[in-house]
Amino acid sequence: MTYPLLDQIKQAGDVKRLALRDLPALCAEVRNFLIESVSATGGHLSSNLGVVELTVALHRALDLPQDKILFDVGHQCYTHKLLTGRRAGFAGLRGKDGLSGFPSPKESPCDTFIAGHGSTALSTAIGVAQAKKIKGEPGKVVAIIGDGAFTGGMVYEGMNNVGMLNNLIVILNDNKMSISKNVGEMANYLTKLRTDPKYFHAKAHMETVLERIPVVGSGVVRALQGGKQLIRRGIYHSTMFEEMGFQYIGPVDGHNVLELTRLFVNLKEQFAPVFLHVVTQKGKGLKPAEDNPGEFHSVSALDLDHLTNPEMSPRDSFSTCFGTTLAELGGREKRLCAITAAMKYGTGLNFFKKAHPDRFFDVGMAEEHAVTFAAGLASQGLLPVVAIYSTFFQRAYDQMIHDVWLMQLDVLFAVDRAGLVPGDGETHQGIYDPGYFSQIGIRTYSPANYAELVHWLKKLAGPGQGPRAIRYPRGEETPALAALGCSGQPFDCIQPHTGARVALVSYGAESEEILAARDLLAQNGLTADCYKLVQICPIPEGLCEALRAYDTVLFAEEAVRNGGIGEQLAFRLQQVGWRGRFLLHAVDNTHLLHANVPQLRRDQKLDAASLTQSVLQNRKAVEE
C-alpha cells in the first residue's frame with residue numbers, strides 16, 4: 001500500500017506544509033498504515049484508530065515541542081508518533097530496541113511524559129502548564145483524556161485544581177469505552193450531555209438571538225457565557241466542568257479533521273482552562289474493531305483476511321483458566337463475587353459475568369475503589385475476588401493495608417500478568433507485587449501451571465482465610481511446567497539428586513529457567529536440585545531446613561530485587577545459621593525494556609544460560 005501524503009511527514013511540523021484540503025486524505029492514509037502495521041507487529045489498535053483526526057488536527061494547529069500533548073492513557077499515541085517522524089520505528093513496535101507503544105521522552109522531545117496508567121494525564125498537564133506560567137514560557141498544554149479515565153478518581157482531584165490556567169486545554173475523547181465498556185454514572189452523564197435534544201434546541205435558539213447583539217467588551221462576553229451556563233444548569237441541574245473552572249465546548253465530531261483544525265486554531269486565544277468534549281468511535285476504519293473495540297484494544301499480530309470471531313472465548317491462557325474455574329466455583333458458593341477494573345476480558349472474568357451477572361462488578365479504571373469495595377462486601381460476609389493486572393494493583397496499595405489487612409477481611413487478590421510482561425515495557429511489568437504483598441503480610445501463591453492454578457484457587461476461594469493473593473503470568477503454560485502437574489504442596493523439590501551441593505530455587509513462570517539451568521549444569525559435570533515454590537509469602541515451613549543441606553543456593557525471580565522474595569529467603573537462611581553462598585537473580589527495575597519474555601530474561605540475567613554461568617563462576621571462585 002502506498003502513502004503519498006504520509007511519505008511527506010519526516011518530522012514534527014511537516015503536517016503544516018500540506019494543503020488543508022489534504023488532511024482528510026492524510027487521515028485515511030494514517031488509519032490504513034496503522035491497520036497494516038499493527039496487524040503485523042501487534043499493539044494497541046482500536047484506541048489509536050479512534051483518535052486519528054483528533055491527533056492530526058492538533059499537530060496542524062500546535063507547535064511541538066513548544067506546545068505539549070499529554071495522553072491518558074498513552075497507548076493512543078501512535079498517530080502522534082507518525083506525525084513526529086517515527087514511522088520507520090513501527091516495524092519494531094514494542095519489540096526490543098524498537099519503538100515504545102507509549103509516549104517516551106527518550107524517543108522524542110515531542111513526547112512530554114510517560115503514560116502507561118490511566119487517569120493521570122490531567123494532573124500531569126496541570127503541573128506542566130503551571131511550570132510554563134512560573135517560567136514565563138509560551139505554548140499550550142493539551143491533555144487528551146478518554147472517557148474511561150473519568151471512572152478513576154484522580155481526574156476529579158486534578159479538575160478541582162485547574163485554577164486559572166489559560167494555557168491548558170483538556171480534551172475529553174468520548175468514545176463510550178475504557179477497555180471494557182464504560183460503566184457508572186459518569187458514562188451516563190456524558191451520554192446524556194451528548195444526546196439530549198433539549199440542550200441543542202435551547203443552544204441553537206440562544207445563539208441565533210445573540211448573533212444580533214453587538215458584543216462590546218469583556219464584561220458583555222462574560223455575561224453571554226454566563227447565560228449559556230444558565231441554560232445548561234436549567235436543563236441538567238449541573239454544569240460540572242464549568243463549575244470546576246473550565247470553559248466547556250462541545251460535544252463536537254471527533255472525526256471531522258477540518259472542523260477540529262479550525263477549532264484548535266481558534267483556541268490559541270483563550271481566557272480560561274478549556275474543556276473540549278470530542279465524540280469519537282473507537283476502532284474506526286476496521287469493521288471488526290468498530291463492532292468489538294474491547295477485543296481489539298491490544299492485539300497480537302493478526303491476519304486481517306482471517307479474523308477470528310471476537311465473541312469466541314480467548315485461546316488457552318492462565319487468565320482463561322482462572323476465569324472458567326472461578327465461574328465454576330461461583331456456582332457452588334453463592335457468596336463468591338468477582339470484581340475487576342475495566343479488564344473483564346483481559347482477566348477472564350467474562351466467564352464469571354456470563355454465569356453469575358448479579359455477582360460480577362466492573363468498577364471502571366478505579367483500582368483503589370475496587371479494593372475498598374471488596375472490603376465492604378467482605379465485611380458483610382461475602383467472598384470477593386478482585387482480579388486486576390499486577391501493574392495496576394499497585395495503585396491500590398494503601399487500600400490493601402488500611403481497608404483489607406487491618407480488619408483481616410476475606411478478600412482474594414487475583415493478580416494477572418504477574419512477572420515479566422512482553423510488549424508494554426517499563427509501564428506494565430508485573431514485578432512489584434511479591435514485594436508489596438509480602439511487605440503487608442498477605443499470604444501469596446504463585447502457581448507455575450494450570451493444574452496448580454486450579455488447585456490453589458479452589459483452596460483460596462473459601463471463607464475464613466483473611467487477605468490472600470494468587471498471582472499468575474500472562475499467556476499460556478509452557479510444556480515443561482505443565483508436565484510437573486500439581487503436588488498440592490507449598491513447595492516441591494523436583495527429582496532430587498543424592499549428594500547435590502547446589503540448589504536452584506524459583507517460583508511461577510521463572511521455574512522453567514531453573515529446570516533448564518539444572519540440565520546445563522549437568523552437562524558441565526555439576527549436579528543441582530530444583531526447588532519450585534508455590535507459596536511465596538510467608539516463606540514455606542520446611543524450606544530453609546531443606547536448603548541448609550546445600551553449599552550454594554541460587555534464587556531467581558521475575559520480581560524486583562529490593563524487598564523481593566529472594567532477599568527475604570536469604571535473611572531467613574541466615575537466621576537458621578546457614579553460611580553458604582546465596583546467589584540472587586532478580587529484576588533491575590532501572591532499565592526495563594519493551595521486548596518479549598525470553599529477551600527480557602536474557603537482559604535481566606534470568607535465563608537458564610545466565611543462571612548456569614553464575615553458579616559455575618561461583619564454584620570456580622570457591623575452588624580457587
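Please read these numbers as outputs of a predicted model, since none were measured by experiment.
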Donor + acceptor pair across side chains of [X], [Y] (<3.5 Å):
X	Y	answer
Ser610	His585	no
Ser319	Arg417	yes
Tyr389	Glu367	no
Asp362	Thr340	no
Asp433	Ser390	yes
Tyr550	Asp529	yes

The criterion is salt bridge (Lys or Arg N to Asp or Glu O under 4.0 Å); which residues satisfy it with Lys81, sequence neighbours excluded?
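Lys81 satisfies salt bridge (Lys or Arg N to Asp or Glu O under 4.0 Å) with Glu107 only.
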Holding to salt bridge (Lys or Arg N to Asp or Glu O under 4.0 Å), I want the full list of residues that pass it with Arg443, two or more places apart in sequence or in another chain.
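Arg443: no salt bridge (Lys or Arg N to Asp or Glu O under 4.0 Å) contacts found.
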Any side-chain heavy atom of [X] sitting closer than 4.5 Å to one from [Y]?
X	Y	answer
Leu504	Tyr531	no
Leu533	Ile539	no
Phe90	Tyr78	yes
Thr391	Ile431	no
Pro467	Val411	no
Leu573	Phe582	yes
Phe352	Arg359	yes
Thr527	Val502	no

Between [X] and [Y], does any side-chain N to carboxylate O distance fall below 4.0 Å?
X	Y	answer
Lys532	Glu452	yes
Arg86	Asp111	yes
Arg601	Asp607	no
Asp410	Arg468	yes
Arg395	Glu368	no

State whether the side chain of [X] and the backbone N or O of [Y] hold a donor-acceptor pair below 3.5 Å, judged by distance alone.
X	Y	answer
Ser39	Glu36	yes
Ser438	Gly435	yes
Gln76	Ser47	no
Glu476	Ser317	no
Gln408	Trp405	yes
Gln429	Glu426	no
Lys605	Arg602	no
Gln535	Pro538	yes
Glu567	Gly563	yes

Which atom of [X] lies closest to which atom of [Y], heavy atoms considered:
X	Y	result
Cys537	Ile442	SG-O, 3.5 Å
Gln394	Tyr436	N-OH, 3.3 Å
Lys96	Ala595	CB-CB, 3.8 Å
Cys544	Arg572	SG-CB, 3.6 Å
Cys77	Asn48	N-OD1, 3.3 Å
Val597	Pro422	CG2-CD, 3.7 Å

Answer yes or no: does atom [atom1] of [X] have more than 12 heavy-atom neighbours from other residues, nucleotides or ligands under 6.0 Å?
X	atom1	result
Lys459	NZ	no
Gln575	CD	yes
Glu545	CD	yes

Once you round to the nearest 0.5 Å, how far does [atom1] of [X] lie from [atom2] of [Y]?
X	Y	atom1	atom2	result
His356	Leu349	NE2	CG	11.0 Å
Thr372	His402	OG1	NE2	10.5 Å
Cys321	Asp316	SG	CG	7.5 Å
Asp603	Asp588	CG	CG	8.5 Å
Asp398	Asp403	CG	CG	7.0 Å
Leu569	Ile536	CG	CD1	11.5 Å

Quick check on side chain to side chain contact (heavy atoms under 4.5 Å, CB included): which of Val534, Val385, Leu412, Val415 does Ile470 satisfy it with?
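Among Val534, Val385, Leu412, Val415, the one that satisfies the side chain to side chain contact (heavy atoms under 4.5 Å, CB included) with Ile470 is Leu412.
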Set of side-chain hydrogen bond (donor to acceptor under 3.5 Å, both in side chains) partners for Ser104, sequence neighbours left out
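Listed in chain order: nothing, the list is empty.
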side-chain hydrogen bond (donor to acceptor under 3.5 Å, both in side chains) involving Asp72 - partner list, sequence neighbours excluded
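Listed in chain order: nothing, the list is empty.
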Which residue pairs pass the ring pair (Phe, Tyr, Trp, His ring centres under 6.0 Å) test with at least one member in residues 444-483, sequence neighbours excluded?
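For residues 444-483: Phe318-Tyr450, Phe322-Tyr472, Tyr445-Trp456.
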For residues 407-426, which residue pairs pass the ring pair (Phe, Tyr, Trp, His ring centres under 6.0 Å) check, not counting sequence neighbours?
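As it turns out, the ring pair (Phe, Tyr, Trp, His ring centres under 6.0 Å) pairs with a partner in residues 407-426, which skip direct neighbours, are Phe393-Phe413, Phe413-Phe437.
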Are His44 and Phe102 an aromatic pair, judged by ring center distance below 6.0 Å?
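That pair passes the under 6.0 Å test.
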Set out, in order, the CA-CA distance, both residues' side-chain angles and the distance that settles side chain to side chain contact (heavy atoms under 4.5 Å, CB included) for Leu600 and Asn596, then state yes or no.
CA-CA 6 Å; Leu600 288 167; Asn596 61 37; over 6 Å; no
Side chain to side chain contact (heavy atoms under 4.5 Å, CB included) between Leu606 and Val587, intermediate numbers included
CA-CA 8 Å; Leu606 287 166; Val587 175; 4.0 Å; yes
What verdict does the side chain to side chain contact (heavy atoms under 4.5 Å, CB included) test give for Val505 and Leu554, after you've listed the backbone C-alpha separation in whole Å, the side-chain angles of each residue and the deciding distance to 0.1 Å?
CA-CA 6 Å; Val505 189; Leu554 179 145; over 6 Å; no
How far apart are the C-alpha atoms of Leu515 and Arg518, what are their side-chain angles, what is the distance that settles it, and do they pass the side chain to side chain contact (heavy atoms under 4.5 Å, CB included) test?
CA-CA 5 Å; Leu515 294 174; Arg518 177 195 60 185; 4.2 Å; yes
